[in-house]
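First comes the structure, then the notes that go with it.
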Amino acid sequence: MKNIAVIGSGTMGNGIAHVFAQHQYSVNLVDISEKALEKALETIKKNIDRQVSKGILTEADKSQLLSNLHLSTDMKKAVETADLVIEAVSENTEVKKQIFKQLDEFCPPHTILASNTSSISITKIAAITRRPEKVIGMHFMNPVPVMRLVEVINGYATSTETTNIVLEAAKNIGKVPTSVQDYPGFVANRILLPMINEAIYALFESVGGVEEIDTVMKLGMAHPMGPLQLADFIGLDVCLAILNVMHEGLGNPKYAPCPLLVNMVEAGHMGVKSGVGFYDYKQNSKELIVAQRFRKN
Ligand code: NAI
């Protein structure tokens, strides 16, 4: 496997393109927006510079990495010679289905089609194509160049051969893959989101304030970040959407989102990206301020 195409150059797509290009794959990074591609290249350069300053990469590695990377708005051309395509566009089932239909038409028969979705069924996406055995989930973690895990999700029809090729590819880019089955939330979100939801319930029921709840989990459980701060980073709308997928898909009331989460999303309080969540954030910054409305005393 030599040629990779990444569809969608946002938060996740640029990181995925970065790590494959860093490990000597030829990467076509595609987006519908020229502006998004420009921003992606800027981000990749910034992240490479950070790696150079930490001694992870040299200046020579930097130019090699950049020469392995090709930006394009023409998806058809970009995937015609791809061995593996990784889709990382917005979390929207209809958009993803449309893209997989096109990928199935444009790609050669051997191409494996992967999705970086965090909650949409791989089985459902695969069923749109004529090659469901070659469709798989590759769930990278944010920030991609730093986080080592890739959750590899096997759809109902994914073949063992496809899984093995993808596990190998993940290892080749320095990641640690885990192979899991396609059920709502997979493993990572199935465990993470109920924990976040429970933290929101603890706040909702005044068991503790924002700082108390996050401090318990940081100092008591050695989590690098408390669950409420993490929810702000993920985006409260994203947390709500994943919980809804799990609630509907698994049919178990234990996954029902806390009413406080629903209210906050409806109010437009999405976390870091809107500047307000469980914490308030300084403009264009991840620096947090504890919001008075959630103070316990
Ligand atoms: P994003 O919103 O940052 O980027 C999405 C990009 O896709 C945008 O640049 C947009 O212009 C582009 N796009 C939209 N439609 C397109 C099309 N038809 N063709 C080509 N490009 C198109 O989204 P983000 O956060 O990178 O998420 C991407 C995927 O990764 C989603 O499925 C999300 O659930 C998943 N994910 C996100 C994580 C995160 O922390 N942000 C973590 C793990 C998975």
Side-chain angles (χ1 to χ4, degrees), residues 5-19 28-44 47 71-79 82 85-107 113-122 124-125 128 135-153 170 175 177-178 180 182 184-193 196 225 229-246 270-274 286:
V6 179
I7 316 299
S9 68
T11 310
M12 298 304 286
N14 76 63
I16 298 167
H18 176 147
V19 291
N28 287 338
L29 177 58
V30 180
D31 205 290
I32 35 170
S33 148
E34 284 277 1
K35 232 174 158 187
L37 285 172
E38 281 167 26
K39 195 169 158 224
L41 185 60
E42 242 175 68
T43 305
I44 291 171
N47 289 337
L71 309 182
S72 172
T73 50
D74 184 345
M75 183 165 90
K76 184 170 190 290
K77 220 164 149 209
V79 302
V85 179
I86 302 169
E87 166 278 314
V89 308
S90 331
E91 189 76 344
N92 177 310
T93 308
E94 289 318 307
V95 174
K96 289 198 196 279
K97 276 187 177 173
Q98 182 60 29
I99 286 179
F100 273 75
K101 205 162 187 280
Q102 289 179 316
L103 290 175
D104 193 31
E105 274 170 36
F106 300 157
C107 293
L113 308 180
S115 175
N116 184 52
T117 178
S118 36
S119 64
I120 296 169
S121 159
I122 298 299
K124 195 190 277 182
I125 296 172
I128 285 290
V135 178
I136 196 162
M138 281 185 92
H139 184 204
F140 288 82
M141 305 289 132
N142 185 18
V144 182
V146 178
M147 299 291 279
R148 293 192 69 204
L149 178 71
V150 181
E151 196 178 24
V152 173
I153 300 122
K175 302 295 183 196
T178 52
V180 307
D182 182 26
F186 316 134
V187 170
N189 285 329
R190 180 145 175 183
I191 297 171
L192 177 64
L193 266 298
I196 287 175
M225 194 184 272
Q229 190 187 354
L230 181 57
D232 276 355
F233 270 71
I234 294 172
L236 300 193
D237 52 335
V238 176
C239 291
L240 178 61
I242 298 174
L243 279 164
N244 281 334
V245 165
M246 285 167 42
M270 309 291 190
V272 176
K273 66 180 146 193
S274 70
K286 289 177 182 164

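All ligand and atom numbering here is 1-based and tracks the order in the structure.
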Sequence neighbours left out, cut at 3.5 Å: what donor-acceptor pairs do the side chains of residues 34-43 make with other protein atoms?
from : atom 1 : to  : atom 2 : distance (Å)
T43  : OG1    : K39 : O      : 2.9

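Looking at V238, T93, T11, it is T11 that brings a heavy atom closest to atom 25 (O) of ligand 1. Distances from atom 28 (C) of ligand 1 to the heavy atoms of G15, G10, S115, A88 show the closest one on A88. Residue nearest to atom 29 (C) of ligand 1, selected from V89, I99, L37, T117: V89 (by heavy-atom distance).
Looking at every heavy atom in both residues, M147 comes nearest to K175 through O-NZ, 2.8 Å. Across every non-hydrogen atom of N116 and A88, the tightest pair is CB-CB, 4.2 Å. Counting all heavy atoms, side chain and backbone alike, V85 lies closest to C107 at CG2-SG, 3.9 Å.
By the side-chain contact (heavy atoms from CB on, under 4.5 Å) test, V146 pairs with P143, sequence neighbours left out.
Of the N or O atoms in H139, none lie within a sub-3.5 Å distance of an N or O in ligand 1. Between E91 and ligand 1, an N or O atom pair is found at a separation short of 3.5 Å. For S33, no nitrogen or oxygen atom sits less than 3.5 Å from a nitrogen or oxygen atom of ligand 1, counting backbone and side chain alike. Polar contact check, N116 against ligand 1: a nitrogen or oxygen pair lies under 3.5 Å apart.
Here the heavy atom of the protein found nearest to atom 2 (O) of ligand 1 is S90 OG, 4.6 Å. Residue, atom and distance of the protein heavy atom nearest to atom 39 (C) of ligand 1 are M12 SD, 3.6 Å. Closest to atom 8 (C) of ligand 1, if we only count protein heavy atoms, is D31 OD2, 3.5 Å. The nearest protein atom to atom 19 (N) of ligand 1, hydrogens excluded, is given as I32 CG2, 3.7 Å; this is a heavy-atom distance.
In this structure, atom 15 (N) of ligand 1 has protein heavy atoms in its sub-4.0 angstrom surroundings.
Taken from CD1 in I136 to CG in D182, the straight-line distance is 10.5 Å, to the nearest 0.5 Å. Separation of atoms CG (D237) and NZ (K273) is listed at 3.5 Å; rounding is to 0.5 Å.
Heavy atoms of K96 found under 4.0 angstrom from ligand 1 belong exclusively to the side chain. If you look at N142 next to ligand 1, the close heavy atoms, those under 4.0 Å, all belong to the side chain. Residue A36 touches ligand 1 through its side chain alone, judged by heavy-atom distances below 4.0 Å. Contacts between I7 and ligand 1, counted as non-hydrogen atom pairs separated by less than 4.0 Å, involve the side chain only.
Looking only at side-chain heavy atoms (C-beta outward), P184 and R190 stay at 4.5 Å or farther from each other. Taking 4.5 Å as the limit, some side-chain heavy atom of T117 sits within range of a side-chain heavy atom of I122.
At least one donor-acceptor pair under 3.5 Å links the side chain of E87 to the backbone N or O of V89. The backbone N or O of D74 sits less than 3.5 Å from a side-chain atom of S72, completing a donor-acceptor pair.
Contact atoms of ligand 1 toward F140: 43 (C) (distance under 4.0 Å to a heavy atom of the residue).
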